[in-house]
Amino acid sequence: MTGTVFDRRMLEALVCPVTHAVLSYDAEKQELVSKAASMAFPIRDGIPIMLVSEARAL
């Protein structure tokens with residue numbers, strides 16, 4: 001982990017790029033989780049990587 005903190009206010013503006021559903025924040029894994037798409041998008045250096053190719057399947 002890098003120590004950079006994700007701005008939780010940003011979560012209000014972000015949606016899943018696949019389903020456009022609401023995302024939840026997993027602080028322990030530093031991911032944004034889309035339950036609708038069953039995918040987790042990584043957060044690197046405080047920046048959410050919202051690319052399907054970078055997402056982890058749940």
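Values in this document were obtained by computation on a predicted structure and should not be read as measured data.
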Report task. Dump the intermediate steps for side-chain contact (heavy atoms from CB on, under 4.5 Å) on Leu32 and Ile43, then the final yes or no. Result -> CA-CA 7 Å; Leu32 294 176; Ile43 299 171; 3.9 Å; yes
Query - Connected via hydrophobic side-chain network under 4.5 Å: Met39 and Val15 - result: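 In one cluster with Met39: Val15, no.
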Query raised in the report: Under 4.5 Å between any side-chain heavy atoms of Thr19 and Ser34, yes or no?
Result: yes
Show me, pair by pair, the donor-acceptor contacts under 3.5 angstrom made by side chains of residues 46-58, not counting sequence neighbours?
unit_1	atom_1	unit_2	atom_2	d
Glu54	OE1	Arg44	NH1	3.1
Glu54	OE1	Arg44	NH2	2.8
Arg56	NE	Glu31	OE2	2.9
Arg56	NH2	Glu31	OE1	2.8

Report summary line: Between the CG atom in Leu23 and the CZ atom in Phe41, the distance rounded to the nearest 0.5 Å is 7.0 Å
